[in-house]
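Inspection log for the structure reproduced underneath, given as C-alpha cells.
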Amino acid sequence: MLTILFDGVAYGMLLFILACGLTVTLGLMNFINLAHGAFAMAGGYVTVVMMNRYGISFYWCLPAAFVVTAIVGLVLERTLYQWLYRADHLDQVLFSIGLVFMAVAGADYFMGGQQQLINLPPELSGRMDVGGVGIGRYRLFTIVVCAILALVLQLILSKTRFGCRLRAAVDDRRVAMGLGINVPLVFALTFAFGSGLAGLGGAMGAEILGLDPNFPLKFMIYFLIVVSVGGTSTVSGPFLAAMLLGIADVAGKYYVPAIGPFVIYALMIIMLILRPDGLFSRGSGR
Amino acid sequence: MTMVQQEALVSRQSSDAAAEGRAVRLMKRRSRIRIYEIVIWLAAVAAYFLLPSKMLILTEIAILALFAVSLDLVLGFAGIVSLGHAAFFGVGAYAAGLLALHYTAEPVIGLFVAALVAGLLGFLTSFLILRGSDLTRLMTTLGIGLMMAEVANQMAWLTGGADGLSGFSLNPILGLFEFDLYGKTGYLYCLAVLFVGMMIMRRIAFSPFGLSLKAIKSNPMRAGMISVPARKRVVVVYTIAAMFAGIAGALLAQTTSFVSPDVLAFHRSADVLMVLTIGGTGYLYGGVFGAVLFTLVKDALSVVTPQYWMFWIGLILVVLVLIGRERLNRWAAYLPERLSGKEREQ
C-alpha cells in the first residue's frame, strides 16, 4: 500500500517536472504547445546516447539533458514558436502536432523504434526496506531531486526579480510590457528553462516511464490533464494535479489492472464535471 | 424546430418587411449551389470511368472527405478544435463491423447503425466539451479519443483486440449491387454516401442554424445576447458531426471488410485536422479538396519513404501553419463569387 503510494508520488513528481514548463508556456503566452513531450523525449535520448555510447556517468547526463534541451528550446522558440503567439489555437495545435510527428519520425530514424534502456549506477538500483515498506532507490532519488526542483522553482517564482517579472507577464502581458518588462525575453528564457526541465524529466523518467519514439504522443494527454487540472497561474496547482494523477494512475494499474488504463480518463471526466476551470482557477478562464 | 424558431426570431427582430426580405435573400445567396460544387461531383464521377485502376485510393479519398467534412461542422462552424474526432470514426467502423459479423450483412443498415452508435457517443461526450476553455476541450477530445482506443484494445472478446475485426463479408448493397474485387462498387457506394451526406450537411450548414453556429464561434457571449442557445446548438452539431464521422468509419469497415484498432488511433484525428487545414475550414468543401490533396501526398510519401512519411507530413504541417492558412486560401478571393466559396457581406 505504502509502496504504491510511494511509486505514485515518484511518478507524479516526474509528471510535474515534465509538465511545468508547459504550464508557463500556456499561462504566459496562451500558447498550446503539444510538442512539449518532444523536448522530454530529446532529453531522454541525450541521456541514452551519452550513457550507452560514451559511457558518461548518469549524474553528468542529467544536467547535460537539461542544457541540451534548453538550447534546443531556445533555438526553436526564436526561430519558429515566436511567430505563432498571436495565431489562433488551431494553428498552434497543428504546428505543434507537426513538430511532434517530426520528432517521432526523427527519433525512429536515428535511434530505432525499440524501447531504450539505461543502466542506472549501482547505488541507485534495487530496493531497500524501510520499516516494512519496499522503497525503490531510484524512485527515492527521483522524489528527492524533483522535490528540490519544485522548491527551487517556487522560490524563483516568488522571490526573485525574474520570477516577479514572469508572474507580472503571466497576469497581464500588456501592462507588463507597459511597465518596461521585456516580455519576449522573459518568455524566451522561460521557454528554454521549461524545455530544459522537460528534458531533465525525460532523462530521469527514461527508467520509470520508458523511452521510445512514441513518447511525445503517449504522454501528451498526461501533460494536458496536469495543465488543465492544475491551472497555469501557480506552481502548486500543477504540482498537486501531477501528484493526484501519478498516484491515481499507479494505484489504478496496480489494484484494478483490468480497468487501470481508464483511471486517468475517469479522473479527467470527474474533474471536468466538478471543476471545469481547473482545481485552483482564479475565475479568469483563458 | 430550430428553423422555425430562427425565422420567428428574424421576423420579430425586423419589424419592417424590407429587412426580412434582405435576410431571406442573404440566406438564399449563401446557400445557392456554386459552380465549383458541380465541377467536383462531375470530376468524382468521371474518375470512376477514367481511372479504373485507382478505385482503392479514390475510395479512400471519398471516406476521408466525408470524415473531414463532418469535422468541419464542428471546427469550421462551431469553432471547436477537436483532437479526438477519430473516436466517432472508429466507433462507427466497429459498429458496422460487428453488425456485419453477428447480425446482418446489409451495408445500408450498417451505415444507419454506425451513425446511431457514433451519434450516441457524440451526444454523451458533447456535454463534456461544453465546459472550459480551448485547452480543456483539447484535453477532453484527446482523452475521449484515447479512451475509445483503449476500450477497443481491452475488450478483445468483442473487438478482437489488437488483431482487429475480420472475417465478415457484406451482402450486395440493398440486395442489388455486389461488392467486386476491384472496389468499383465500393467507390460508387462511398461516393453516393458522400454525396448524400454532403447535401445534408450543406443544408445544415447554410441554414439559419449554421449561421447561428458561426455566431457562437466568433463570440459565444454575444450569440447568447441575441438569444442563440449556444450550448444546445453545440450539442446538436457535435452529435450530427459524430454521426457522419461514424458513417465514414462504417464505409471504411465495409469497403475493406476489416476493422483494425488503427481506426481509433490518434494520428487519424491529427490527419483529419490537417486535411481541413489544407482545404480550408468553414465552407464544407474544404474537406473534399483537402482529402484529395492529403491522400495523394501521403500516398506519394509512403512510396518514397515507407517508414518515415510521418516526418514529412509533420514538416508539411509546420510549413503550412508558418505560411498561414489565410494566405493559402486567399486565391479563392480572386475568383468571382459564384465560383468561389467566399461569402460577401451585403
Side-chain angles (χ1 to χ4, degrees), chain A residues 26 30 32 34-35 79-80 83-84 87-109 113 213-214 217-218 220-229 232 258-262 264-269 271-278 281 285-286, chain B residues 75-76 79-84 125 127-151 153-155 265-267 269-271 273-274 276-278 281 305 307-326:
Chain A
L26 257 161
N30 200 9
I32 297 182
L34 295 179
T79 51
L80 298 176
W83 306 109
L84 292 166
D88 63 7
H89 282 161
L90 175 63
D91 279 332
Q92 297 172 350
V93 165
L94 289 167
F95 170 77
S96 46
I97 287 180
L99 280 187
V100 168
F101 279 178
M102 286 168 77
V104 168
D108 198 6
Y109 180 76
N214 280 321
L217 289 174
K218 244 188 329 202
M220 192 187 280
I221 184 72
Y222 286 83
F223 298 152
L224 281 176
I225 294 179
V226 167
V227 172
S228 49
V229 172
T232 53
I259 57 160
F262 301 106
I264 57 163
Y265 305 119
L267 201 70
M268 175 188 92
I269 290 170
M271 190 283 300
L272 268 172
I273 291 168
L274 296 180
R275 299 297 303 265
D277 293 320
S281 77
R286 259 182 204 265
Chain B
L75 179 71
I80 295 166
V81 183
S82 167
L83 276 179
T125 53
F127 293 100
L128 295 173
I129 60 150
L130 289 173
R131 295 169 167 272
S133 57
D134 266 3
L135 176 73
T136 18
R137 282 207 198 105
L138 280 179
M139 175 195 75
T140 318
T141 50
L142 178 64
I144 290 165
L146 294 176
M147 185 164 70
M148 294 319 291
E150 196 59 50
V151 168
N153 197 25
Q154 296 273 323
M155 289 168 68
F266 168 74
H267 74 81
S269 303
D271 283 354
L273 268 180
M274 185 175 172
L276 277 183
T277 317
I278 298 172
T281 57
T305 55
Q307 203 179 346
Y308 306 111
W309 57 270
M310 213 175 177
F311 179 85
W312 301 105
I313 293 277
L315 187 66
I316 293 171
L317 260 180
V318 169
V319 171
L320 271 180
V321 173
L322 286 177
I323 294 172
R325 285 182 290 135
E326 295 77 27

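Residue numbers start from 1 in every chain, and the chains themselves are labelled A, B, ... in the order their sequence lines are given, proteins ahead of strands.
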(message) Any heavy-atom pair between the side chains of A:Tyr265 and B:Leu146 that's under 4.5 Å?
(response)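 Side chain of B:Leu146 against side chain of A:Tyr265, heavy atoms only: contact under 4.5 Å found.
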(message) Quick check: do B:Leu75 and B:Val81 have side-chain heavy atoms less than 4.5 Å from each other?
(response)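 With C-beta onward as the side chain, the pair touches.
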Measure [X] against the heavy atoms of chain B and call it side chain, backbone, both or neither at under 4.5 Å.
X	result
A:Leu34	side chain
A:Phe95	both
A:Leu84	side chain
A:Ile32	side chain

Engaged part of [X] at the chain A interface, taking heavy atoms whose separation is under 4.5 Å:
X	result
B:Ile316	neither
B:Glu150	both
B:Val151	both
B:Thr125	neither

(request) Over all heavy atoms of both residues, which pair between A:Leu217 and B:Met310 is shortest? Give the atoms and the distance, please. (result)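 For A:Leu217 and B:Met310, the tightest heavy-atom pair comes out as CD1-CE, 4.3 Å.
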(message) For a quick test of reading the model, state the closest non-hydrogen atom pair linking A:Ile225 to B:Met139 and the distance between them.
(response)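 In terms of heavy atoms, the two residues are closest at CA-SD, 3.5 Å.
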(message) Let me confirm one number: the CE-CD1 distance from B:Met274 to A:Ile97, rounded to the nearest 0.5 Å.
(response)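 Between B:Met274 CE and A:Ile97 CD1, I get 10.5 Å after rounding to 0.5 Å.
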(request) State whether the side chain of B:Thr281 and the backbone N or O of B:Gly76 hold a donor-acceptor pair below 3.5 Å, judged by distance alone. (result)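 It does not hold such a pair.
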